[in-house]
Amino acid sequence: MSEQIPNMNYDADEVIKDFKAKFKWPKSDEVEAVVTPPHLALNIILSVILTIIGGGALYYMMLPALNFHDTTLYSFVIILIAMFVLIFALLCGANKKIERREYVKKKSIVPIAIVVAIVFVMFVGWLVGAQLFRAKTYSELMTVSSSDFTEDFADIHYDEVPRLDKQTSKVLADQQLGNLVEYKSQYVVTSNSTQINYNGSPVRVAYLEYANFFKWVNNTKNGLPAYMVIDLVSQKVNVVNCVNEFGEGIKYSPSELFNEKLIRHLRFQYPTALLDTPNLEIDDNAYPYWITPVLDKTIGLFGGTDVKGVVITDALTGESNYYDIETVRTDANLNWIDVVYSENLVIEQYNYYGKLSNGFWNSIIFQNDVNVASSGSGNIALNDDVWVYTGVTSEDSTTSNFGFILCNQRTKETRYYEIGGATEYSAVESAQDAVQNYGYHATFPILLDIEGQPTYFMSFYGDRYTIKGYALVNLADKTIFGRGVSDEEKSDINALNAAVENYINALKDKGIVGSEANADDYKVDENGEGVIDGAQTDDAQQPAATEITGTVTDIKTSVNDGNTYYYIQLDGGAYYYISVSDCMQVLLISTGDSVTVSANAADSQQFIPATNVTIG
């Protein structure tokens with residue numbers, strides 16, 4: 001029997017296509033049936049539960065204010081909706097069966113509509129508060145009054161202005177921390193210090209942060225043990241041990257984690273408040289508090305940021321109290337608070353005032369009477385408050401100001417001074433040119449009144465941020481300046497005095513002041529503690545030094561201009577201080593030792609300079 005040959009008359013491509021058609025996954029537009037997933041009610045309940053759990057974790061991290069003015073709240077709600085839809089889709093098996101995916105898509109119309117409505121509300125809220133429509137309202141956020149420079153600045157003394165800025169003060173604090181063996185391996189100094197007035201002196205208060213996560217694990221039970229106070233005039237750093245002084249450490253701070261993290265602790269206490277960045281301040285007894293401004297959006301939903309109150313939080317116990325802004329401004333018991341309005345906020349509000357007073361389109365097209373704050377700002381002490389200082393210039397100018405403002409960081413009182421001259425950074429460049437052979441940098445200027453002349457004051461610092469000298473630059477004519485460098489004058493105080501003497505001589509040479517102008521009216525004494533009195537500078541009239549013997553009851557250290565000073569308390573009384581470079585033996589002294597200190601017998605202050613210390 002012959003073998004049958006199979007029929008080969010077919011198209012292989014058609015066979016393969018027919019085979020694929022029987023097994024292909026249908027496209028979404030080819031599916032007409034929408035199948036309700038099984039266990040629908042259970043899936044909905046589980047989706048709600050899981051969304052609540054995930055939302056709780058999300059809230060713990062995002063910490064939105066339950067306030068319609070907080071954009072974070074809208075983002076939080078949108079993420080919650082997306083989270084619910086995703087969980088529901090997975091529980092229904094939409095990733096496995098297309099008919100169930102179609103069901104979820106159809107049921108997602110409502111959540112999507114809610115998201116669209118939220119975005120629409122945000123857009124309308126922004127639109128009704130846009131500067132285009134509300135320029136006048138923005139310009140009225142800050143009230144600015146003209147003031148007299150000579151009268152206001154008469155109380156700002158040359159020997160009491162800060163010689164350190166934020167950056168250089170942190171370096172000194174780092175150096176001081178490095179001398180404290182019990183702290184340096186566990187903590188670092190924060191870069192977010194707060195400038196305040198403490199007992200009439202400008203200082204910066206800086207808290208400690210845990211060096212890393214493992215150091216946090218090792219130390220969080222007791223909290224941060226101390227904070228640091230950097231005197232911006234004397235350049236001395238004092239470490240305040242909270243455990244010794246107040247019985248416990250700082251339990252709530254930005255460097256903590258979980259419930260002790262300050263912003264989370266505040267959010268749980270004030271769930272609806274718009275919280276600004278907290279500042280660490282100390283009261284008149286050096287007790288630490290966190291000062292947290294509470295913000296308000298006064299124009300539309302998101303515009304016109306202003307401060308409506310503050311939350312004062314005990315840094316040790318976490319107890320908080322809210323005070324409205326008028327109480328903070330007027331209550332004498334709260335005068336120790338210095339920073340309520342941040343520098344960024346007051347400068348933002350002044351720019352609204354300077355740009356938008358004559359309308360939005362004028363600020364862009366015609367620019368009649370348009371002015372803005374110049375780049376950079378500083379702080380000065382005036383009337384026991386801290387004021388933000390910045391120049392006022394046109395938007396196109398980079399080299400000259402036609403005035404400057406002071407803004408009180410506690411009350412927002414703002415004063416304008418119509419005095420033209422060089423911008424702050426232009427003055428900085430002029431000062432740095434005078435010491436270009438040293439390669440020094442200058443701090444941001446502070447404005448002073450020297451012989452009736454508005455004058456920029458700056459400190460010089462080297463690559464290690466140690467203060468190396470000072471400069472004075474005339475505001476109206478930056479070619480008139482005086483400088484003093486420690487390497488040339490052999491001491492920090494001599495450099496300060498040389499700067500003012502050279503500056504006044506330059507004023508005389510230009511004929512701006514008369515020959516009666518006397519630099520001695522501004523110079524400070526060798527201890528840096530005040531204006532020199534002619535009678536006190538006579539060596540014959542100085543009291544003779546004497547020797548005091550006693551038992552050491554306390555020892556403190558500080559860093560001044562890169563030198564370590566020891567403060568030795570005898571028999572619970574006054575502290576005698578001396579530099580390690582002047583007396584190496586202080587390194588060997590311990591509490592309980594009997595020592596003899598050579599010091600000024602007539603000096604009855606709490607801190608007395610010593611000339612020598614011996615043990616035994």
Side-chain angles (χ1 to χ4, degrees), residues 16-128 213 216-217 256-275 297 300-302:
I16 295 174
K17 184 177 180 180
D18 182 63
F19 178 82
K20 287 183 176 181
K22 295 178 181 179
F23 296 96
K24 74 173 183 178
W25 182 268
K27 296 180 180 179
S28 60
D29 57 0
E30 296 175 343
V31 177
E32 297 180 358
V34 176
V35 179
T36 301
H39 313 298
L40 180 60
L42 178 62
N43 289 340
I44 293 175
I45 293 173
L46 288 176
S47 298
V48 171
I49 293 174
L50 292 176
T51 300
I52 292 174
I53 295 173
L58 185 66
Y59 179 85
Y60 195 79
M61 294 184 290
M62 293 182 65
L63 298 174
L66 303 181
N67 189 316
F68 289 116
H69 295 292
D70 187 8
T71 56
T72 307
L73 176 64
Y74 295 90
S75 301
F76 173 72
V77 173
I78 291 174
I79 295 174
L80 277 187
I81 294 172
M83 185 184 300
F84 173 81
V85 172
L86 177 62
I87 294 172
F88 180 69
L90 292 175
L91 291 177
C92 290
N95 59 321
K96 298 179 180 178
K97 295 185 177 182
I98 192 169
E99 63 271 20
R100 295 184 183 179
R101 187 176 71 187
E102 291 303 305
Y103 175 85
V104 172
K105 286 174 62 176
K106 290 183 179 296
K107 295 301 181 181
S108 297
I109 294 176
V110 173
I112 293 173
I114 295 175
V115 171
V116 171
I118 291 173
V119 174
F120 178 76
V121 169
M122 293 180 68
F123 174 74
V124 172
W126 168 82
L127 192 64
V128 298
F213 173 77
W216 171 82
V217 172
E256 291 288 349
L257 301 177
F258 304 113
N259 289 353
E260 286 75 31
K261 189 174 184 64
L262 179 61
I263 195 66
R264 184 171 292 119
H265 177 71
L266 291 171
R267 173 56 66 226
F268 292 157
Q269 290 181 319
Y270 301 92
T272 63
L274 298 177
L275 302 173
K297 303 294 184 177
L301 271 182
F302 311 118

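For the single chain, residues carry numbers from 1 onward in sequence order.
Considering CD1 of I45 and CG of L91, their distance stands at 11.5 Å, rounded to 0.5 Å. Atom CG in L46 sits 6.0 Å away from atom CG in L50 (nearest 0.5 Å). The CD1 atom of I263 sits 6.5 Å away from atom CZ of R267, with the distance rounded to the nearest 0.5 Å. Here the CD1-CD1 distance, from I112 to I81, works out to 10.5 Å after rounding to the nearest 0.5 Å.
Applying the 6.0 Å contact sphere to CZ of F68 captures no more than 12 heavy atoms from other residues, nucleotides or ligands. Under a cut-off of 6.0 angstrom, the local environment of CZ in F123 is sparse, with at most 12 non-hydrogen atoms contributed by other residues, nucleotides or ligands. The 12-atom threshold is exceeded at NZ of K261, counting heavy atoms of other residues, nucleotides or ligands nearer than 6.0 Å.
Looking at every heavy atom in both residues, M83 comes nearest to G55 through SD-N, 3.9 Å. Counting all heavy atoms, side chain and backbone alike, P111 lies closest to S108 at CD-O, 3.2 Å. Taking both residues in full, the closest heavy atoms of Y59 and F76 are given as N-CE1, 3.6 Å, listed atom of the first, atom of the second, then distance. Residue K297 comes nearest to L274 through the heavy atom pair CG-CD1, 4.0 Å, listed as atom of the first residue, atom of the second, then distance. Pairing each heavy atom of A65 with each of A273, the nearest pair is CB-O, 3.3 Å.
Remark: side-chain polar atoms of H69 are paired, donor with acceptor, to backbone N or O of L301 under 3.5 angstrom. A side-chain donor-acceptor contact under 3.5 Å links N67 to the backbone of T272.
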Before you tell me yes or no, could you show the steps for V115 and Y74 under side chain to side chain contact (heavy atoms under 4.5 Å, CB included), namely the whole-Å CA-CA distance, both residues' side-chain angles and the distance that decides it to 0.1 Å? CA-CA 9 Å; V115 171; Y74 295 90; over 6 Å; no
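In this structure F213 satisfies the side-chain contact (heavy atoms from CB on, under 4.5 Å) test together with W216, V217, L257, sequence neighbours excluded. By the side-chain contact (heavy atoms from CB on, under 4.5 Å) test, V124 pairs with F120, V128, sequence neighbours left out. Partners of E260 under the side chain to side chain donor-acceptor pair (under 3.5 Å) rule, at least two apart in sequence or in another chain, do not exist in this structure. Partners of I109 by side-chain contact (heavy atoms from CB on, under 4.5 Å), not counting sequence neighbours: none found. Not counting sequence neighbours, the partners of F84 by the side-chain contact (heavy atoms from CB on, under 4.5 Å) test are S47, V48, T51. Considering only residues two or more places apart in sequence or on other chains, T72 meets the side chain to side chain donor-acceptor pair (under 3.5 Å) condition with D70.
Two residues are said to be in side-chain contact when any heavy atoms from C-beta on lie closer than 4.5 Å; L275 and L63 fail this criterion.
Stacking of R264 on the aromatic ring of F258 is not recorded, the 6.0 Å distance cut-off and the 45° axial limit not both being met.
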